[in-house]
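Below: the structure, in structure tokens.
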Protein chains: 2
Amino acid sequence: MYDATDYPPFAVTVDLAMFTLRGPSLSVLLVRRGEEPFQGMPALPGGFVHADESADVAARRELAEETGLDSFPGHLEQLATYSEPGRDPRMRVVSVVFVAFAPNLPEPSAGSDAADAYWMPVEDASRESLAFDHAQILADALERVRSKLEYTTLATHFVESPFSIRDLQTVYEAVWDVTWDRANFRRKVLGTRGFVEPVEGVADAASTGGRRAQLYRPGDATTLHPPIPRP
Amino acid sequence: MYDATDYPPFAVTVDLAMFTLRGPSLSVLLVRRGEEPFQGMPALPGGFVHADESADVAARRELAEETGLDSFPGHLEQLATYSEPGRDPRMRVVSVVFVAFAPNLPEPSAGSDAADAYWMPVEDASRESLAFDHAQILADALERVRSKLEYTTLATHFVESPFSIRDLQTVYEAVWDVTWDRANFRRKVLGTRGFVEPVEGVADAASTGGRRAQLYRPGDATTLHPPIPRP
DNA sequence: TCAATAGTGTCTGTAAGACAGTATTGT
DNA sequence: ACAATACTGTCTTACAGACACTATTGA
């Protein structure tokens with residue numbers, strides 16, 4: 001039962017699909033590969049899982065390396081594992097892919113490992129030719145992010161707390177590429193128990209004038225009842 | 001960059017959380033372990049990924065071995081990958097877990113590999129002490145199956161086609177452990193585009209009498225718009 | 001005829017979408 | 001004053017939940 005052919009050795013990596021909102025558009029972090037294979041092509045950041053780590057811990061380590069931050073302020077979850085033989089021409093590599101997102105991540109060039117990392121709007125990245133099977137992974141990750149907005153509170157992880165209802169609306173509109181009626185969006189969010197909690201204070205004034213918005217923080221809920229339906 | 005400590009060898013396995021409806025209750029396939037570690041304890045079926053297979057192919061191979069069927073008639077999807085160091089006391093094992101379900105699967109004792117495989121209602125299995133981290137995996141798999149019924153057409157994979165609306169209702173009631181008003185459930189299903197398509201013919205008569213039901217087959221849709229909300 | 005199951009009609013409350021109107025702020 | 005943004009109210013339509021009713025079948 002336990003001879004060597006039964007458990008051939010694999011290398012295990014983690015890859016990250018990291019998203020943030022930059023300006024009006026959802027963006028993903030890419031790195032330009034410095035070596036073969038796929039040298040010079042954009043790819044998702046990632047690395048090998050060490051002998052004494054879980055994939056989860058490895059993903060958090062990579063996250064810290066890429067962002068330069070000690071503790072990652074956003075959300076991290078496992079997406080899926082990609083294991084086609086031949087997906088890496090060097091050897092048999094199984095990749096556990098994670099999706100991460102956070103508000104306002106800094107430009108990644110801040111002296112870190114990932115000197116060649118950069119943000120790209122997902123609209124553009126989806127049209128790029130990516131290394132390995134990363135184009136497929138990016139498509140799967142995008143669909144995960146989009147569907148999770150429907151029935152979880154993850155949108156609050158894309159903005160810094162405290163935030164206004166309008167900030168949340170911007171998240172939904174950027175990720176789904178739709179527009180909402182402001183009044184109806186507001187009613188929907190406030191009518192979903194545990195989504196947001198009001199806090200003291202109002203938003204800073206916009207230079208252009210206009211009433212200042214009530215601020216909120218994330219509520220207790222993690223899943224939305226009822227969900228925010230994707231139009 | 002590519003020295004041996006960067007990519008320590010892992011063994012990669014697939015484990016299966018296979019569900020079917022047996023009588024009124026959702027059941028999961030367990031095997032009694034014949035060897036150490038955890039000898040004699042129930043576990044989810046699984047095995048090593050071979051050197052030339054993807055995890056997906058390995059899962060289908062295991063599925064065929066467990067059921068004795070050449071082509072598995074139901075649905076198979078990846079759940080998640082479990083990679084804690086120490087989850088297998090023998091060595092470093094990363095397990096890619098799949099969720100499968102199908103209607104009316106036969107008793108698994110039919111002369112196959114898995115002489116010690118058996119179905120157990122999930123209600124009971126969740127209270128069992130399972131080998132490795134399989135109790136956690138089972139809990140995650142159950143939550144996946146339950147949530148997928150809400151917004152996908154997967155319920156149609158739990159029944160043989162053609163089926164009646166009432167058959168579908170039985171699936172929802174068994175998986176969610178709820179009851180539905182028959183009229184409202186019917187309206188909901190028929191009002192969801194692409195969920196079911198009527199076919200010629202009606203169900204066989206029940207021995208106890210009663211009108212015979214219109215039969216349906218799965219529709220074109222894979223996701224439900226609107227979803228069937230979990231009460 | 002009766003019991004059992006399939007299917008239809010209808011009423012009521014609630015929520016979604018559309019959109020008009022009021023409130024508050026900077027220029 | 002005016003433009004820009006936040007917020008509120010209201011009307012209409014659609015659907016969910018409850019439940020009474022009709023249709024079809026076997027014993």
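Chain letters run A, B, ... following the sequence lines, proteins first and then strands; every chain starts at 1.
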Taken to the nearest whole Å, CG/B:Leu215 to P/D:dT24 is 17 Å
message = Salt bridge check, B:Arg32 against B:Glu128: does any charged N sit closer than 4.0 Å to a carboxylate O?
response = no
| Touch class at under 4.0 angstrom, heavy-atom based, for B:Arg186 against every strand present | base
B:Trp180 CH2 to C:dA6 C1', in whole Å, measures 18 Å
DNA chain D nearest-nucleotide lookup for A:Arg212 and B:Lys188: closer to the 5′ end is A:Arg212
Atom CZ of B:Arg187 and atom C1' of C:dT12 are separated, to the nearest Å, by 12 Å
From CG of B:Asp204 across to P of C:dT5 the rounded distance in Å is 16 Å
Discussion item. For a quick check of understanding: with a heavy-atom distance under 4.0 Å over all strands, which category does A:Ala203 fall into, base, sugar-phosphate or nothing?
Written reply: nothing
A:Asp181 CG to C:dA20 C1', in whole Å, measures 11 Å
Atom CZ of B:Phe163 and atom P of C:dA6 are separated, to the nearest Å, by 15 Å
Identify whether the distance between the nearest side-chain nitrogen and carboxylate oxygen of B:Asp140 and B:Arg144 falls below 4.0 Å.
no
A:Arg211 side chain near D:dA4 phosphate (N/O to OP1/OP2, under 4.0 Å): no
Has the side chain of A:Asn184 got a donor or acceptor that lies under 3.5 Å from a partner of the other kind on the base of C:dA18?
yes
In A:Phe19, A:Phe72, A:Phe158, the residue satisfying ring-ring contact (aromatic ring centres under 6.0 Å, His included) with A:Phe101 is A:Phe158
Keeping A:Asp133 on the side-chain end and A:Gln136 on the backbone end, is there a donor-acceptor pair under 3.5 Å?
no
Sorted by position of nearest nucleotide on DNA chain C, 5' first, the leading residue of A:Pro227 and B:Ile165 is B:Ile165
Q.
Checking A:Ser164 against A:Asp167: is there a side-chain donor and acceptor pair closer than 3.5 Å?
A. yes
Rounded to whole Å, the CZ-C1' distance (A:Phe185 to C:dC19) equals 18 Å
Nearest-nucleotide check on DNA chain D, B:Gly209 vs A:Arg182; residue mapping nearer the 5' end is A:Arg182
Rounded to whole Å, the CZ-P distance (A:Arg166 to C:dA23) equals 21 Å
